[in-house]
Visitor: 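Supplied in structure tokens, the structure appears directly below.
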Number of protein chains: 2
Amino acid sequence: MNKLILLIMPKSADEKRIKILESAKRRFAHYGMSKTTMAEIAKDLSFSKALLYYYFPDKNSLYCAVLDYVITEQEEDILEVLKPVKNTEQAVMIILEKRMEYIKKYYNLFEYTFNASKDVPEDLGKVIICSFEQQHLQIISILKNGVKCGELIIDDYDETARLLLFSLMGMRMIVIKDIKHSFFPTKEEFDAILEMQKKMAKIFIKGLSV
Amino acid sequence: MNKLILLIMPKSADEKRIKILESAKRRFAHYGMSKTTMAEIAKDLSFSKALLYYYFPDKNSLYCAVLDYVITEQEEDILEVLKPVKNTEQAVMIILEKRMEYIKKYYNLFEYTFNASKDVPEDLGKVIICSFEQQHLQIISILKNGVKCGELIIDDYDETARLLLFSLMGMRMIVIKDIKHSFFPTKEEFDAILEMQKKMAKIFIKGLSV
DNA sequence: TATTGAATATTTAAAAGAATTAGTCAAATA
DNA sequence: TATTTGACTAATTCTTTTAAATATTCAATA
């Protein structure tokens, strides 16, 4: 009886919202924000365009929701894979690898955020800052653990974590810029960046060691 | 007698070339590459526009020459002020301060290079790479000195220096991007970047210490 | 060889129009 | 009432055109 009802019942609103997110994610990840139209997303699902606007106020909100969705996925993934790790260096290495993995996987999705230097919409800014804060807290937590284990010695967690984050993120940017010609590094370029990040992080961590 | 000859004699070709460089430098530093016209530079000197083309094949070459001119000035400045310093950390601090000083002073001049992500002309690329190489060698030399003094322990100078350079340059970029809205950080923003660079460099150097 | 005025070639800027796409809404459905 | 849609409007992007600004060339000259 329950089964029958389930089959007859229309999908719940939440379910549809997620369907839209997934569909948009696929498009954004494949073609990027600006090369994806609302009409296409709707067509993929055999929804009407207007329905998208019933669930999301505008395209930008949808993009932000997708971004948030993917970032959450990534953070959960990292949290999971980080569980058994206690060593500071190893933890940072794993984070670097995971983040690079996601950047590769969702490059066209991230690209829009990445290159939106001017006039970042209010809510996109929030997602970015929130994500940054999350990464920041993550590093802080790792550093604290390192201190607790007697591995590291740190006076200002907040600042130290930010320094490491900026160095690593900046390194990605400078190398991407250095490689120049389009902001689409190839797989090999990403790997080179990752290698540098790892080495740099190792030295940084050693610089914090007792 | 010599004096008289000097007064009567026309300025040497080289002298005029430098006059053009100086004049272009002033304009580029003040208004940037694209907001400076060849006509303006010529007018400043009461030269004809065509004469500029006698000394420089085109505007881009002139820009590159000016950039090279300023970078050389900066390198000599750094070399001079670095003479009495032996301590690794102090040396890096001084370099950071000097470089930031020049970036501030010639911001509009550098800005064009900075933002020329696509289609960097052949010769501009050469100047950039050359400057990077110089900075790289500079860091290597400092690191070598640190090892010689028994301060540091390093296995791959080339790579280690590059890591430090990328981290520092990247940090500048990421913070500039973070601050966002126009690529013209204010004086305070530059100072904040410099502070981060210094702290980051200190940790990095400690990470290389014996 | 060094220098110029005048002519030409390129690049940028602005305007106008067409085409695409974002976003709205009253009506329909369930 | 909560969803859903087709048809409509508004905003944005893309092209094309034209004009203006600017870079670049060159024959002539000192």
Side-chain angles (χ1 to χ4, degrees), chain A residues 4-21 23-24 27-28 30-67 108 111-112 115-116 118-124, chain B residues 8-21 23-24 27-28 30-67 108 111-112 115-116 118-124:
Chain A
L4 187 61
I5 290 176
L6 261 167
L7 283 173
I8 293 167
M9 264 182 23
K11 292 197 166 70
S12 83
D14 237 32
E15 237 177 283
K16 270 202 175 155
R17 195 170 185 280
I18 291 187
K19 275 233 176 305
I20 295 173
L21 278 177
S23 204
R27 283 271 174 192
F28 288 149
H30 200 38
Y31 303 104
M33 157 77 156
S34 37
K35 293 279 183 210
T36 297
T37 72
M38 294 298 267
E40 286 166 345
I41 297 170
K43 206 174 173 191
D44 286 350
L45 296 159
S46 308
F47 290 170
S48 74
K49 205 172 39 140
L51 191 57
L52 301 192
Y53 286 93
Y54 180 75
Y55 287 100
F56 298 92
D58 54 36
K59 191 185 179 184
N60 188 62
S61 300
L62 175 56
Y63 175 79
C64 288
V66 170
L67 193 64
N108 283 316
E111 192 254 354
Y112 176 76
N115 288 355
K118 282 245 191 191
D119 308 323
V120 178
E122 182 69 16
D123 42 359
L124 178 52
Chain B
I8 293 167
M9 264 181 24
K11 292 197 164 72
S12 82
D14 238 30
E15 238 176 283
K16 270 202 175 156
R17 196 170 184 280
I18 291 188
K19 275 233 175 305
I20 295 173
L21 278 177
S23 204
R27 284 272 175 192
F28 288 149
H30 201 36
Y31 303 103
M33 158 78 156
S34 38
K35 293 279 182 208
T36 296
T37 71
M38 295 297 267
E40 286 165 345
I41 297 170
K43 205 174 173 192
D44 286 349
L45 297 160
S46 308
F47 289 171
S48 76
K49 221 175 12 154
L51 190 58
L52 300 191
Y53 287 92
Y54 180 75
Y55 287 99
F56 298 92
D58 54 35
K59 191 184 178 185
N60 188 62
S61 300
L62 176 54
Y63 175 80
C64 288
V66 170
L67 192 64
N108 283 316
E111 193 255 352
Y112 176 75
N115 288 355
K118 283 244 189 190
D119 308 322
V120 178
E122 181 70 16
D123 40 0
L124 178 54

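Numbers restart at 1 for each chain; the letters A, B, ... are given by sequence-line order, proteins then strands. Owing to the predicted nature of the structure, the values given are computational and were not obtained by experimental measurement.
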Visitor: To the nearest Å, how far apart are A/Glu40 CD and C/dT20 P?
Guide: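 Taking atom P of C/dT20 as the reference, CD of A/Glu40 is at 13 Å.
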Visitor: Round to a whole Å and report the spacing from CD1 of B/Ile20 to C1' of D/dA23.
Guide: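 Taking CD1 of B/Ile20 and C1' of D/dA23, I get 15 Å after rounding.
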Visitor: Would you kindly give the OH-to-P distance between A/Tyr31 and C/dT20, to the nearest whole Å?
Guide: 18 Å
Visitor: Among the nucleotides D/dT3, C/dG5, C/dT21, which one has an atom lying closest to any side-chain atom of A/Tyr54?
Guide: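 The listed nucleotide nearest to A/Tyr54's side chain is D/dT3.
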Visitor: When you measure from the side chain of A/Leu51, which nucleotide among D/dT4, C/dT4, D/dA23 comes out closest?
Guide: D/dT4
Visitor: Flag the pair B/Ile41 / B/Leu62 as yes when at least one side-chain heavy-atom distance between them is below 4.5 Å, and no otherwise.
Guide: yes
Visitor: Closest nucleotide of DNA chain D for A/Lys35 versus for A/Ser46: which of these residues is on the 5' side?
Guide: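 With A/Lys35 and A/Ser46 compared, the 5'-side residue is A/Ser46.
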Visitor: Please state how far atom CG in A/Leu52 lies from atom P in C/dG23, giving the value in whole angstrom units.
Guide: 11 Å
Visitor: Donor-acceptor pairs under 3.5 Å, side chain of residues 30-37 of chain A to any protein atom, not counting sequence neighbours: which ones?
Guide:
unit_1	atom_1	unit_2	atom_2	d
A/Thr36	OG1	A/Arg27	O	3.4
A/Thr36	OG1	A/Gly32	O	2.8
A/Thr37	OG1	A/Glu40	N	3.1

Visitor: With nearest nucleotide decided by heavy atoms, which residue, B/Phe47 or A/Thr37, maps closer to the 5′ end of DNA chain C?
Guide: B/Phe47
Visitor: Provide the full list of salt bridge (charged side-chain N to carboxylate O under 4.0 Å, His left out) pairs with a residue in residues 48-63 of chain B, sequence neighbours left out, each pair given once.
Guide: none
Visitor: Any chance you could measure B/Tyr53, atom OH, to B/Ser61, atom OG, to the nearest 0.5 Å?
Guide: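 Output value for this atom pair is 10.0 Å.
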Visitor: C/dT21 P sits how many Å from A/Leu62 CG, rounded?
Guide: 16 Å
Visitor: Going by heavy atoms in the side chains, are A/Leu67 and A/Tyr112 under 4.5 Å from each other?
Guide: no
Visitor: Heavy atoms, side chains only, cut-off 4.5 Å: are A/Phe56 and A/Leu21 in contact?
Guide: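 Touching, per the 4.5 Å side-chain cut-off.
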Visitor: Can you pull every protein N or O that's under 3.5 Å from an N or O on nucleotides 24-29 of chain D?
Guide:
unit_1	atom_1	unit_2	atom_2	d
D/dT24	OP2	B/Tyr53	OH	3.0
D/dT24	OP2	B/Lys59	N	2.8
D/dT24	O4	B/Lys49	NZ	2.8

Visitor: Heavy atoms only, 4.0 Å cut-off, all strands: where does A/Thr36 land among base, sugar-phosphate and nothing?
Guide: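 Touches sugar-phosphate only.
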Visitor: Out of curiosity, A/Ile20 CD1 to A/Leu52 CG, how far, rounded to the nearest 0.5 Å?
Guide: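 Here the rounded value is 5.0 Å.
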Visitor: What's the CD-C1' distance between B/Glu15 and C/dA2, to the nearest Å?
Guide: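 One finds 15 Å between C1' of C/dA2 and CD of B/Glu15, rounded.
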Visitor: Taking the minimum atom-to-atom distance to the side chain of B/Tyr55, which one of C/dA22, C/dA2, D/dT22 wins?
Guide: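 Nearest listed nucleotide: C/dA2.
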